[in-house]
Amino acid sequence: DPAGNHSAAVKMDDQAQNIWIDHCNLTAMPRQKISDRTHGHTIHVEGGAKNITISYCYFHHFVHNVIFCPNPAHDAIDANTTITIHDCWFDGTWSRNPRTRSGRFHIFNTYYLKNNWSKKTSEEGYAIVANDGSRVVVENTVFEDVHNPVILGFKGHPKGDIILNNCKTINVGNEPKNNGTAFDPKPLYDYPLIDVDKVPEHVKKYAGAGKDMPTSIESIISKKVTKKDISISIVNSNKLIIRNIFSNNSFKGTFTIYSLSGKKLTQFNLINKTGGKTATLTLPENIGAGIYYYRFINKNSIYTGVLQLTE
């Protein structure tokens, strides 16, 4: 906000949960002066918001970019914040990519390029900050031409935990170092890690508005989808109700659930000889809270989309 109101393009607060930001371009306003790009953020999360996913987004040419849990008055509730960033490109975003305090943050398959102030001072111009009680895990991520890939304890704050697994640096000012133990994301959800050497090419091809999904996902998600003929109600993390709301045909077909990596997890054959329009599905134990893709095939129609299951 050039008026100095420190607003954000996307803000999540008041214990918001189960939000997915996907395939967006986030940047400064056209022709905005560099001095005005320090106001506000592209994404701002606080107030105990949790289960946030930011995927395949292109962040570019902004100064104070993404901030998570900045208010010390919210530390107790922000400790429950959980955010995943994956397959994103941070291009010329000078700082806060993100800046974190409290909460738990997982970043993977992401490319950081030229995240610097024009003056390369010791603390200004960086990719990720881990402050205070934040726990950050970064995997299969590339930092290129970044003065500070990671800063711990920014501007006198206590250091947060950060673990970098299989990351790559190219022409960086200060090599990033692990600190503490953070957490292990593997038991939390299924996620695909790509070859770190292929990350820059991958996100340039797929990150941003209007870009295609990777091939493994394109085989699941149809590019021409009409969702008006199918409605899905989530009762809880192990039960779904599917409604065929406009068709007069018997409710027949196959309903398949996939992980984000494209792995087939379960399939239901729906046969309702009475012509009813509702099917209730009880999910197997290997499908818990998280984000999944679904595909429902009914005669010659294919309906695809995203399921976000909560506890």
Side-chain angles (χ1 to χ4, degrees), residues 7-24 26 40-57 59 65-88 90 96-110 128-139 141 157-158 160-163 165 180-192 232-240 257 259-261 283 286-293 305-311:
S7 58
V10 181
K11 184 173 183 179
M12 287 155 274
D13 200 346
D14 296 327
Q15 300 184 61
Q17 59 182 313
N18 305 321
I19 296 170
W20 187 19
I21 301 170
D22 182 68
H23 278 93
C24 294
L26 295 155
H41 298 89
T42 59
I43 297 178
H44 181 147
V45 180
E46 65 175 322
K50 63 180 181 178
N51 298 337
I52 312 297
T53 299
I54 303 165
S55 60
Y56 292 99
C57 288
F59 300 87
N65 191 29
V66 178
I67 194 162
F68 296 150
C69 309
N71 190 341
H74 296 163
D75 276 353
I77 193 170
D78 280 343
N80 298 318
T81 294
T82 51
I83 300 175
T84 301
I85 297 175
H86 70 86
D87 299 272
C88 290
F90 292 86
R96 303 183 184 180
N97 301 292
R99 180 174 173 178
T100 69
R101 64 173 291 136
S102 299
R104 189 174 65 194
F105 311 99
H106 185 202
I107 302 169
F108 62 91
N109 297 350
T110 289
I128 302 167
V129 158
N131 275 352
D132 303 282
S134 64
R135 293 163 289 160
V136 186
V137 175
V138 187
E139 300 184 90
T141 287
H157 284 262
D161 283 9
I162 189 165
I163 298 296
N165 294 326
T181 57
F183 67 100
D184 182 6
K186 291 182 176 62
L188 303 177
Y189 44 68
D190 176 68
Y191 58 97
I232 299 176
S233 298
I234 301 173
V235 180
N236 52 42
S237 63
N238 70 341
K239 187 169 290 185
L240 304 176
I257 298 176
S259 70
L260 292 182
S261 62
L283 301 176
N286 67 322
I287 299 180
I291 299 174
Y292 304 90
Y293 293 116
V306 175
L307 288 174
Q308 193 158 30
L309 305 181
T310 58
E311 295 289 353

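This chain uses plain numbering: 1 for the first residue, then up along the sequence.
- The nearest pair of heavy atoms linking Ile43 to Val45 is CG2-CG2, 4.0 Å.
- Thr82 contributes a side-chain N or O that, together with a main-chain N or O of Asn51, makes up a donor-acceptor pair within less than 3.5 Å.
- When all heavy atoms are compared, the tightest approach of Asp184 to Pro187 is O-CD, 3.2 Å.
- With hydrogens and angles left out, the side-chain atoms of Tyr189 and Thr84 include a donor and acceptor closer than 3.5 Å.
- Between Phe68 and His44, the ring center distance fails the sub-6.0 Å criterion.
- Atom CD1 of residue Ile128 and atom CZ of residue Phe105 lie 11.5 Å apart, to the nearest 0.5 angstrom.
- Shortest non-hydrogen contact noted between Phe90 and Val66 is CE2-CG2, 4.3 Å.
- Remark: the backbone N or O of Asp87 is not paired with any side-chain donor or acceptor of Asn109 at under 3.5 angstrom.
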Output, in order, the C-alpha distance, side-chain angles, deciding distance and verdict of side chain to side chain contact (heavy atoms under 4.5 Å, CB included) for Asn97 and Phe59. CA-CA 9 Å; Asn97 301 292; Phe59 300 87; 5.7 Å; no
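- In this pair, His86 and Tyr56 present their aromatic rings perpendicular. The plane angle is above 60°, beyond the 30 to 60° band.
- The backbone N or O of Ser102 lies less than 3.5 Å from no partner atom in the side chain of Asp132, so there is not a single donor-acceptor pair.
- One N or O on the side chain of Asp78 and one on the backbone of Gly48 form a donor-acceptor pair closer than 3.5 Å.
- Rounded to the nearest 0.5 angstrom, Ile107 CD1 and Thr100 OG1 are separated by 8.0 Å.
- For the atom pair CZ of Arg101 and NE2 of His74, the computed distance is 11.0 Å after rounding to the nearest 0.5 Å.
- Smallest separation of non-hydrogen atoms from Ile54 and Cys88: O-SG, 3.7 Å.
- Rounded to the nearest 0.5 angstrom, Thr81 OG1 and Arg135 CZ are separated by 10.0 Å.
- Interatomic distance, Lys50 NZ to Ile83 CD1, rounded to the nearest 0.5 Å: 12.5 Å.
- Between Val136 and Ala130, the closest heavy-atom pair is CG2-CB, 4.2 Å.
- Atom OH of Tyr293 sits about 9.5 Å away from atom OG of Ser259, to the nearest 0.5 Å.
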